[in-house]
Amino acid sequence: QVQLVESGGGSVQAGESLRLSCAASIRTYTNSARAWFRQAPGKDREFVAAISFGGDITDYSDSVKGRFTISRDNARNTVALQMNSLKPADTAIYYCAAGVRAVSTLSGYRYWGQGTQVTVSS
């Protein structure tokens with residue numbers, strides 16, 4: 001099926017930027033939507049951003065809107081999350097997901113990556 005691998009995580013100070021990338025093992029036209037979720041220690045996994053196959057539809061959580069940008073390069077089967085003006089509250093494991101539609105619910109995605117750690121210090 002589809003394997004997803006995240007990369008680009010790391011430790012930064014508040015106000016700095018990071019760019020995450022998600023690479024898919026194969027191209028899919030059924031689970032073509034992509035999304036980013038994150039999970040902080042002791043917290044539930046929460047929606048961050050989603051993008052449709054064509055990139056014409058994007059959605060962001062209120063907490064990251066205006067700071068994060070999701071994009072994709074279908075020729076390379078990759079999805080990116082540009083994270084600017086990072087805050088300590090952004091500290092979490094970030095997961096890439098693939099599903100049929102660009103929705104904000106966990107149940108809407110069939111395939112998941114293993115996650116990449118993002119740590120933002122004050």
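Keep in mind that this is a model prediction, so the values were computed, not measured.
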List the atom pairs, donor and acceptor, that lie under 3.5 Å between side-chain atoms in residues 16-23 and the rest of the protein, sequence neighbours left out.
| unit_1 | atom_1 | unit_2 | atom_2 | d |
| --- | --- | --- | --- | --- |
| E16 | OE1 | Q13 | N | 3.0 |
| S17 | OG | N84 | OD1 | 2.9 |
| R19 | NH1 | Q82 | OE1 | 3.2 |

- Query: Hey, is the main chain of S107 close enough, under 3.5 Å, to the side chain of R110 for a donor-acceptor pair?
  - Reply: no
- Query: Taking side chain as C-beta onward, heavy atoms only, is Y60 less than 4.5 Å from I51?
  - Reply: no
- Query: Which of parallel (below 30°), tilted (30 to 60°) and perpendicular (above 60°) describes F37 and W112?
  - Reply: tilted
- Given side chains that start at C-beta, do those of V79 and I70 come closer than 4.5 Å, heavy atoms only? yes
Less than 3.5 Å apart, which donor and acceptor atoms pair up between the side chains of residues 92-103 and the rest of the protein, not counting sequence neighbours?
| unit_1 | atom_1 | unit_2 | atom_2 | d |
| --- | --- | --- | --- | --- |
| Y94 | OH | R38 | NH1 | 2.9 |
| Y94 | OH | D90 | O | 2.7 |

- Note on the structure: One should read off an interatomic distance between F47 CZ and S63 OG, to the nearest 0.5 angstrom, of 9.5 Å
- Item | Any T28 side-chain heavy atom under 4.5 Å of Y111 side chain | no
- Qualifying residues under side-chain hydrogen bond (donor to acceptor under 3.5 Å, both in side chains), relative to S52, sequence neighbours excluded: D56
- More than 12 heavy atoms of other residues, nucleotides or ligands under 6.0 Å from CD of Q3: is that the case? no
- Task: Mark yes when over 12 heavy atoms from residues, nucleotides or ligands other than Q117 sit less than 6.0 Å from its CD; otherwise mark no.
- Result: yes
- Message: As an exercise, state the distance from CZ of F53 to CG of N31, rounded to the nearest 0.5 Å.
- Response: 12.0 Å
- Note on the structure: d(L81 CG, T116 OG1) to nearest 0.5 Å is 11.0 Å
- Taking the side chain from R27 and the backbone from N74, do they hold a donor-acceptor pair closer than 3.5 Å? yes
- Quick one: CG on L4 to CD1 on I26, what's the gap to the nearest 0.5 Å? 10.0 Å
